[in-house]
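Presented below is the structure to which this report refers.
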2 protein chains.
Amino acid sequence: MKSIEAGTDSVRMFFEPESVAVVGASRTPGKLGNTILKNLIYWKYPGEIFPVNPKPGDILGLPAYTSVSAIPRPVELAVIAIPIDHVLEVTRECAARGVRGLVIITSGFNEVGAEGNQRLQELLRIARGAGMRIVGPNTTGIVNPYHPFTTTFVELGEVRKGSIAFIAQTGMFAGLMLQRIMTAEDFGLSKVAGLGNKADIADHDILEYLAQDRNTRAIMMYIEGVKDGRRFYDAARRLTKIKPITAMKIGRTPAGAKAAMSHTGSLTGSDEVFDDICRQAGIIRAYDFDELIDFAKMFAYQPIPRSTRTAVVTLSMGAGALASDFCYESGLQLAELKPETLAKVARKSPAWVKLTNPLDIETMVELVGPGEGYQTAVAAALADENVDQCLIVLGTVLTTGADVQFLEAVQKAHPQKSITVCVLGSKGAYEQLCPAIEKFQIPVFPSVRRAVKGLAALNHYRQFNRP
Amino acid sequence: MKSIEAGTDSVRMFFEPESVAVVGASRTPGKLGNTILKNLIYWKYPGEIFPVNPKPGDILGLPAYTSVSAIPRPVELAVIAIPIDHVLEVTRECAARGVRGLVIITSGFNEVGAEGNQRLQELLRIARGAGMRIVGPNTTGIVNPYHPFTTTFVELGEVRKGSIAFIAQTGMFAGLMLQRIMTAEDFGLSKVAGLGNKADIADHDILEYLAQDRNTRAIMMYIEGVKDGRRFYDAARRLTKIKPITAMKIGRTPAGAKAAMSHTGSLTGSDEVFDDICRQAGIIRAYDFDELIDFAKMFAYQPIPRSTRTAVVTLSMGAGALASDFCYESGLQLAELKPETLAKVARKSPAWVKLTNPLDIETMVELVGPGEGYQTAVAAALADENVDQCLIVLGTVLTTGADVQFLEAVQKAHPQKSITVCVLGSKGAYEQLCPAIEKFQIPVFPSVRRAVKGLAALNHYRQFNRP
């Protein structure tokens with residue numbers, strides 16, 4: 001029995017294989033094995049592709065093979081998207097053929113009970129005997145926009161390159177989350193790993209690989225169950241020192257745990273234990289998918305501020321008070337603004353206005369207009385040495401990209417301070433302002449709570465990892 | 001000194017005045033007093049409008065008057081949008097002229113300290129002496145789309161008529177919230193009351209009025225400070241028995257309370273006390289603006305279910321497990337589905353699939369397509385007598401209005417059961433599906449958490465008010 005390779009090389013082949021066999025490649029549009037192949041062709045995967053289908057002939061313009069054994073050249077990776085009854089037989093063929101890694105899309109293993117679990121044990125026995133590594137089963141597998149490669153069975157279209165890696169557990173949810181990120185967000189991804197039932201490759205393997213991946217700046221994880229708590233903790237603890245990890249875990253309650261068990265056969269474990277692991281390993285927790293994406297966006301765009309001292313610049317003191325509540329609850333301190341900072345705003349405001357932090361600029365905006373008003377207050381706040389981060393609440397009195405151009409210079413002048421924007425008001429204005437501001441790597445949120453929680457995530461990372 | 005009228009008649013004049021003077025009406029576009037007049041004209045306010053401006057001549061095509069005293073006919077309501085130094089003088093004039101109500105937009109009263117507070121006391125003395133009621137000061141005032149009337153100083157355009165009344169405290173925030181509801185939501189409003197500093201008319205006055213307003217089905221409140229806790233409690237307790245109230249209050253923390261004080265001069269009070277009042281009065285609390293809107297939408301569209309027994313129909317068991325977690329935490333019970341319900345789905349699923357609640361329909365959808373798959377599962381779940389509400393998690397494999405047409409018949413067949421939809425995946429598909437589904441009065445949310453919390457709000461209302 002060959003020993004399984006250690007280290008990140010055995011993981012790298014899943015992201016950058018030199019050749020891939022698609023077992024279950026299909027001529028029928030809409031079938032999983034058709035879409036997998038289509039994605040590889042559309043993405044211009046640079047390695048060799050070997051479609052495998054019992055019926056001879058081309059598939060999507062590529063010569064197909066009737067079995068893995070019939071492929072005449074070396075095969076590094078095989079994607080398995082065939083009915084469950086044939087998976088073991090094909091795995092044996094792959095082992096004999098010297099395939100090094102399998103991505104098993106097919107479901108029907110340990111998640112369906114004793115018989116499925118027996119099938120899984122046999123699968124692992126064959127793979128271990130041949131030194132093959134496995135991603136899955138019951139997953140969509142891999143997306144790597146840098147070395148264009150994917151095993152995904154939903155039509156992907158383009159995937160924006162970026163600095164966020166996403167370790168997902170399950171196929172459908174990961175696919176929907178990916179669609180959402182690609183259509184509703186501006187940040188891009190470095191890697192996606194859907195691990196399914198985690199029968200072999202587990203979170204810690206991917207974390208070790210991502211530590212060395214220079215395209216990855218931060219990691220978001222969707223977890224149903226952790227396979228090996230100790231190795232997960234060790235890998236995460238090492239990684240968080242250099243790259244922030246945000247994790248969302250389901251099965252936090254008895255009801256959710258039962259559902260997760262029927263899904264990926266995951267033992268979700270005690271939430272208290274997972275929470276301890278996260279705290280000790282410096283992992284930020286997210287509790288729903290919006291939050292997971294929000295935090296990833298923060299880490300993709302913004303520096304880690306040196307302290308929690310926050311300035312709030314707002315057109316609405318109602319929103320300012322709401323932000324103050326969320327800051328207090330999230331452990332962020334409202335900065336004590338210096339007299340000269342307040343004076344810069346006071347000079348353009350009515351004499352009767354009393355200024356403090358949150359900095360209410362409604363009356364200044366009435367006098368000098370929204371563009372000059374926001375610019376004056378934000379520049380003053382960020383120049384204040386008592387301030388390490390700034391939350392800007394924009395009412396949609398600013399409506400065009402030109403109105404927010406000043407943010408580019410302000411961010412450049414203070415690269416070590418964090419800026420976050422919340423846009424309240426009309427949807428149309430929001431949708432104009434959001435890309436115009438995120439172009440400068442300043443994250444935008446549609447709610448005060450989400451903006452403050454985003455800032456808090458940066459600070460939790462510092463508190464956990466750079467005390 | 002005349003006594004101030006009690007009851008709802010003295011409030012009705014603010015929403016349906018027979019005539020209105022706009023003091024501070026302006027010829028300059030962008031000025032508050034210009035926009036207020038423009039809104040009234042654009043809305044075709046059916047009563048008489050008297051613009052008041054020291055310079056003689058027409059304003060926006062209406063004959064203007066140089067003072068309130070110069071208006072030759074009876075004036076029921078006056079909107080005051082002039083510099084603070086002239087407010088007391090104009091108030092005296094209004095009192096002498098027999099005006100019955102004032103909406104005071106101008107700020108600079110108790111929210112700015114002792115001098116402002118003195119000004120407020122004098123204002124109240126004059127008004128009480130003449131039996132005049134006041135909305136404000138420091139507010140945008142009133143919006144009534146049914147008897148078209150508004151005192152708002154932001155350009156409103158159309159405001160959709162609907163069944164939700166909104167009691168807001170502050171101008172700018174209320175204005176931005178209104179913009180958001182009008183541009184990003186599908187439900188409509190019955191009344192908006194921005195109460196500002198609540199020097200005279202306070203929440204309880206409006207609640208009493210709304211109890212009788214047949215266009216109002218549910219109430220959302222944004223609160224900085226409650227003026228008279230006892231009367232607020234009494235009015236709310238009576239109203240919640242027939243119409244749900246959702247309230248969001250800022251100043252829940254020391255930081256937020258300080259900001260609220262500088263804003264509307266509100267003493268926010270202890271959050272524990274407010275929480276007790278809400279629980280005893282049957283008010284649902286919301287903690288941010290998204291939640292306030294989400295709950296309002298639920299109450300506008302859906303019946304109050306008879307129990308918390310919830311069916312979850314989902315394309316992704318990951319989302320199903322997440323929904324289970326949130327249900328558990330929100331006190332919603334996952335319904336025990338009857339064997340015949342599961343059989344209806346099993347008949348169209350692979351033999352190996354084990355079905356439970358959440359009802360994972362991924363494999364059924366692979367066999368029969370998303371349209372038939374969702375229809376089968378949702379109809380089966382709602383027909384189950386163990387189910388009183390249903391959460392449908394749509395992946396954006398359904399993409400058109402035609403795909404979700406079946407929801408109309410299903411909702412009609414079970415008018416006493418609540419249905420809520422969460423759409424995950426691509427933004428484009430979400431934006432197509434959301435109006436197509438909300439057309440049937442079924443609320444749609446972009447996150448599992450928000451959908452479950454929406455259902456939970458309906459159940460909290462029943463638990464609080466119909467035990």
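Atoms considered below: every heavy atom in the structure, side chains included; atoms not considered: hydrogens, waters and symmetry mates. We name chains A, B, ... by the order of the sequence lines, and we start the count at 1 in each one.
In this structure, the portions of A/Y287 lying under 4.5 Å from any heavy atom of chain B include both its backbone and its side chain. For a residue to count as touching a neighbouring chain, one of its non-hydrogen atoms must lie under 4.5 Å from one of that chain's; by this rule A/P446 touches chain B with the backbone only. Using a 4.5 Å cut-off between heavy atoms, B/L322 touches chain A through backbone and side chain atoms alike. For B/E185, no part sits under 4.5 Å from any heavy atom of chain A, backbone or side chain. For A/M248, the part lying under 4.5 angstrom from a heavy atom of chain B is the side chain only. Within the 4.5 angstrom heavy-atom criterion, no atom of B/E155 approaches chain A.
For A/E431, the CD atom counts as densely surrounded, since its 6.0 Å shell holds more than 12 non-hydrogen atoms of other residues, nucleotides or ligands.
Atom CE of A/M317 and atom CD1 of B/I250 lie 8.5 Å apart (nearest 0.5 Å). For the atom pair CG of B/D290 and CG of A/D290, the computed distance is 9.0 Å after rounding to the nearest 0.5 Å. The line from CG of A/D288 to OG of B/S447 is 5.0 Å long, rounded to the nearest 0.5 Å. Considering OG1 of A/T356 and NZ of B/K258, their distance stands at 4.5 Å, rounded to 0.5 Å. For the atom pair OH of A/Y328 and CZ of B/R252, the computed distance is 11.5 Å after rounding to the nearest 0.5 Å.
Closest approach of B/A260 and A/A321 over heavy atoms only: N-CB, 3.9 Å. In plain terms, the two heavy atoms of B/A255 and A/L334 that are nearest each other are CB-CD1, 4.1 Å.
Residue with the most contacts toward chain B among A/E329, A/K354, A/R450: A/E329 (heavy-atom pairs, distance under 4.5 Å). When each of B/P350, B/A184, B/P254 is scored by its heavy-atom pairs under 4.5 Å with chain A, the top score falls to B/P254.
Judged purely by atom type and a 3.5 angstrom limit, A/T183 has no side-chain atom pairing as donor or acceptor with the backbone of B/S426.
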